[in-house]
Amino acid sequence: MSSKSEPLSQRVQWKVKNSIRFPKKLKVALYGSVVPIFLLAAWQILSVVGVLERHLMPPPTQVLEKIVSMVVDGTLWGHIGVTI
């Protein structure tokens, strides 16, 4: 046992749980996705607030909606073919 003259911090031993350990590839993917996610969020916010003009730089949500609608009606594949 310990004597009462020792400070409490020396008498009590704290059990520290290990932090969550991610696989290295997942950690790299998470770190690598921070900047693109930040840029997409900034783009969305600036478009909605009105800093970026919607006809020149539409928000990412509107771009994604247009891509999905073009996939559904089949016109996207023709545009991709012409671009390639």
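Heavy atoms only: backbone and side chains are in, while hydrogens, waters and symmetry mates are out.
The main-chain N or O of M57 is found under 3.5 Å from a side-chain atom of S47 such that the two form a donor-acceptor pair. Listed for the W43 side chain is no donor-acceptor partner under 3.5 Å among the backbone atoms of L52.
The NZ atom of K66 sits 7.0 Å away from atom OG1 of T75, with the distance rounded to the nearest 0.5 Å. Rounding to the nearest 0.5 angstrom, the gap separating the CE atom in M70 from the CD atom in E65 is 14.0 Å. Remark: Q44 CD to L64 CG distance equals 10.5 Å, nearest 0.5 Å.
In terms of hydrophobic clustering, with Ile, Leu, Val, Met, Phe, Trp and Tyr side chains grouped at heavy-atom distances under 4.5 Å, L46 and I37 are assigned to different clusters. The cluster map of Ile, Leu, Val, Met, Phe, Trp and Tyr, joined by side-chain heavy atoms under 4.5 Å apart, puts L40 and V48 in different clusters. Residues I45 and F38 are members of separate hydrophobic clusters, defined by side-chain heavy-atom contacts under 4.5 angstrom among Ile, Leu, Val, Met, Phe, Trp and Tyr.
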